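Report on the structure given below.
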2 protein chains.
Amino acid sequence: MKAWQEELLQGSISALSEQELFNRVARIARDLGFDYCAYGLRAPYPFSQPRTVMINNYPDHWQARYRDRGYLAVDPTVQHALRSLQPLVWSDSLFARTPELWEEARAAGLAFGWAQPCRDATGVSGMLTLARSAEALHATELADKQMEMIWLAQSAHVGMARSVVPRLLPEMRAKLSAREIEMLRWTAEGKTSSEIADLANISKRTADFHLNNATAKLNAANKTAAAIMAAVLGLL
Amino acid sequence: MKAWQEELLQGSISALSEQELFNRVARIARDLGFDYCAYGLRAPYPFSQPRTVMINNYPDHWQARYRDRGYLAVDPTVQHALRSLQPLVWSDSLFARTPELWEEARAAGLAFGWAQPCRDATGVSGMLTLARSAEALHATELADKQMEMIWLAQSAHVGMARSVVPRLLPEMRAKLSAREIEMLRWTAEGKTSSEIADLANISKRTADFHLNNATAKLNAANKTAAAIMAAVLGLL
DNA sequence: AGCCATAGTGTCAACGTTGACAGGCAGGCT
DNA sequence: AGCCTGCCTGTCAACGTTGACACTATGGCT
């Protein structure tokens with residue numbers, strides 16, 4: 001177990017490729033008794049259809065199937081990861097509303113699994129899934145392995161996010177000036193330009209000016225979208 | 001170590017009081033070799049002066065000092081937790097810009113410590129700090145204990161958030177209708193009411209109507225603030 | 001000295017938002 | 001049947017936002 005840590009940490013500190021990092025995670029998953037392993041990341045926006053990245057070692061036909069049928073949008077494990085930090089074990093009741101997904105997953109050899117969500121300061125959420133075709137998951141095994149699971153999910157997240165986030169959220173690289181952030185912060189509180197002008201002791205025109213610049217830097221449609229992007233990305 | 005898990009998990013599943021939960025965390029911290037332990041939570045808004053909660057077993061005079069001098073606003077460990085998920089070890093260079101904080105902390109017996117940030121789906125960020133007065137922290141100890149640390153931070157967060165978040169974020173309890181969420185989602189993307197009206201095949205007036213209701217339910221000053229609150233709280 | 005980012009200011013017209021008025025229709029609960 | 005909620009619609013006036021025009025000034029970098 002110690003060997004893992006060294007390995008993964010060294011790997012994630014020096015920037016590995018996503019695939020290499022995933023391979024290490026998958027090897028650790030195998031040591032933990034799981035043939036299959038998946039890591040998914042989801043950006044906090046666009047809100048309708050957020051950008052996602054998924055990397056896994058599931059059978060090819062299942063990967064294709066999952067994509068083609070749009071299972072991502074209904075997968076209850078994904079829904080869970082978006083709301084909670086708790087580990088989640090696959091069960092019949094979990095998939096009660098998506099029987100096709102569940103049956104096809106089992107047919108593909110994904111019979112027993114659990115997932116650990118993770119979330120970072122840029123609003124990106126992630127989920128590590130460990131799965132196997134035989135041998136059900138019991139409470140003792142989960143208790144034994146939960147620490148490794150959380151650790152692995154978080155390490156995978158940090159490593160993956162390092163390379164994926166700049167690609168997924170190019171807006172993160174926008175360098176907002178102190179004034180721009182201040183204007184966005186007040187906007188996020190629901191203040192109008194002229195209220196902000198009073199608060200910051202500048203003219204309304206200047207408040208608008210900074211908001212305009214921030215909106216352009218963030219590639220946002222208007223100041224509402226700019227304030228939301230900044231808020232969600234943790235820039236405020 | 002297994003005993004811990006059982007204990008904390010059972011504790012956090014049945015709703016313990018914050019203080020009781022903290023006492024369990026502090027006991028585990030002591031088993032890990034740290035006399036002092038602190039858990040802090042910060043709500044995602046208001047953006048200027050976010051609501052925070054802190055519980056720790058630091059010496060009383062240090063707690064008072066930290067509060068009175070407003071160290072929370074400048075504490076570099078807090079700044080780190082707001083940007084990263086990585087563990088952070090206290091060091092001279094970390095506190096280079098806040099020498100008073102660092103000297104006073106050491107004078108209070110807080111000489112060696114590390115912190116583990118954590119973040120959840122409601123945008124609340126947390127940080128678990130373990131500290132002690134003697135015996136420096138070395139790489140091997142950190143490597144040995146990092147899994148327990150992440151696990152403990154996350155468990156503490158989940159447990160604390162359960163009772164703290166409803167108090168800190170009463171807006172979370174707002175039940176938005178499907179339409180209201182849809183309108184907020186589009187608003188968050190930067191669409192105007194009449195664009196949304198076209199997208200949703202309703203009149204501009206109706207789009208405004210739903211946005212208005214959502215704004216009232218979230219106690220927001222205007223639709224921008226409403227969309228931001230919903231976005232940050234993960235309601236979109 | 002010239003360039004650039006940041007910060008500050010003004011006006012004006014077109015467009016978007018908000019609040020207060022006033023109303024209808026469908027589905028669930030008592 | 002009466003009530004509530006969600007959803008839908010209209011008008012109008014006051015107020016807020018956006019973009020395009022034009023201009024000043026400071027401080028850092030080359």
Side-chain angles (χ1 to χ4, degrees), chain A residues 45-48 170-233 235-236, chain B residues 46-48 97 170-233 235-236:
Chain A
Y45 61 77
F47 296 95
S48 29
E171 299 86 355
M172 276 295 291
R173 266 172 298 178
K175 295 261 179 286
L176 300 177
S177 74
R179 252 336 195 195
E180 284 159 358
I181 289 172
E182 193 189 347
M183 302 295 109
L184 288 174
R185 218 197 300 270
W186 289 119
T187 300
E189 308 268 17
K191 306 291 183 202
T192 65
S193 308
S194 53
E195 286 169 330
I196 296 172
D198 290 348
L199 286 162
N201 266 305
I202 54 178
S203 79
K204 173 188 171 325
R205 181 61 191 81
T206 304
D208 284 341
F209 171 78
H210 292 304
L211 282 169
N212 219 3
N213 292 343
T215 305
K217 285 186 187 174
L218 292 169
N219 244 310
N222 55 32
K223 69 170 186 172
T224 298
I228 289 193
M229 285 172 65
V232 149
L233 295 175
L235 305 176
L236 303 189
Chain B
F47 296 95
S48 28
R97 289 178 182 187
E171 300 84 356
M172 275 296 290
R173 268 172 296 180
K175 295 261 179 285
L176 300 177
S177 75
R179 254 335 197 195
E180 285 159 357
I181 288 171
E182 192 189 347
M183 301 296 110
L184 288 174
R185 218 196 299 271
W186 289 119
T187 301
E189 308 269 17
K191 305 292 182 200
T192 65
S193 308
S194 53
E195 287 170 329
I196 296 172
D198 291 348
L199 286 162
N201 265 306
I202 56 179
S203 79
K204 172 186 170 327
R205 182 60 190 83
T206 303
D208 285 339
F209 170 80
H210 292 304
L211 282 170
N212 220 2
N213 292 344
T215 304
K217 285 186 187 174
L218 291 169
N219 244 309
N222 57 32
K223 70 170 185 170
T224 298
I228 288 193
M229 285 173 65
V232 152
L233 295 175
L235 305 175
L236 302 189

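Reminder, nothing fancy here: chain letters follow the sequence lines and each chain counts from 1. Here the structure is a predicted model, which means the values were calculated and not measured.
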Once you round it to whole Å, what is the distance between [atom2] of [N] and [atom1] of [X]?
| X | N | atom1 | atom2 | value |
| --- | --- | --- | --- | --- |
| A/L184 | C/dT6 | CG | P | 14 Å |
| B/E195 | D/dT17 | CD | C1' | 14 Å |
| A/L211 | C/dA7 | CG | P | 12 Å |
| A/E182 | C/dA7 | CD | P | 9 Å |
| B/F209 | C/dC21 | CZ | P | 15 Å |
| B/I181 | D/dG6 | CD1 | C1' | 13 Å |
| B/M183 | D/dG6 | CE | P | 15 Å |

Original post:
Considering only heavy atoms and no angle criterion, is a donor-acceptor pair shorter than 3.5 Å present between the side chain of B/R179 and the base of D/dG6?
Top reply: no
**OP:** Between A/S177 and B/D208, name the one whose nearest nucleotide on DNA chain C is closer to the 5' end.
**Re:** A/S177
Subject >> Whichever of A/K217 and A/S203 has its nearest DNA chain C nucleotide further upstream toward 5' >> reply: A/K217
**OP:** Check every atom of C/dG8, D/dC7, C/dT18 against the side chain of A/I202 and return the nucleotide holding the closest atom.
**Re:** C/dG8
**OP:** Could you please name the option among D/dG10, D/dT18, C/dG16 that lies closest to any side-chain atom of B/T192?
**Re:**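 Selected nucleotide (nearest to the side chain): C/dG16.
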**OP:** Let me know, please, whether A/K223 or B/N213 comes out on the 5' side of the other along DNA chain D by nearest nucleotide.
**Re:**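 Counting from the 5' end, the first nearest nucleotide belongs to B/N213.
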**OP:** On DNA chain D, check which nucleotide each of B/E180 and B/R205 is closest to and give me the residue with the more 5' one.
**Re:** B/E180
Using a cut-off of less than 4.0 Å, is there contact between a side-chain N or O of [X] and OP1 or OP2 of [N]?
| X | N | result |
| --- | --- | --- |
| A/N212 | D/dG19 | yes |
| A/H210 | C/dT6 | no |
| A/K204 | D/dG16 | no |
| A/S193 | D/dT17 | yes |

What are the two closest heavy atoms between [X] and [Y], and how far apart are they?
| X | Y | value |
| --- | --- | --- |
| A/A188 | A/L236 | CB-CD1, 3.9 Å |
| A/L218 | A/A226 | CD1-O, 3.5 Å |
| B/K191 | B/I196 | CB-CG1, 3.6 Å |

**OP:** Go through the steps to decide whether A/F47 and A/V232 satisfy the test side-chain contact (heavy atoms from CB on, under 4.5 Å), and finish with yes or no.
**Re:** CA-CA 11 Å; A/F47 296 95; A/V232 149; 4.3 Å; yes
Original post:
Do B/R179 and B/E182 sit within salt-bridge range, that is, some charged N less than 4.0 Å from a carboxylate O?
Top reply: yes
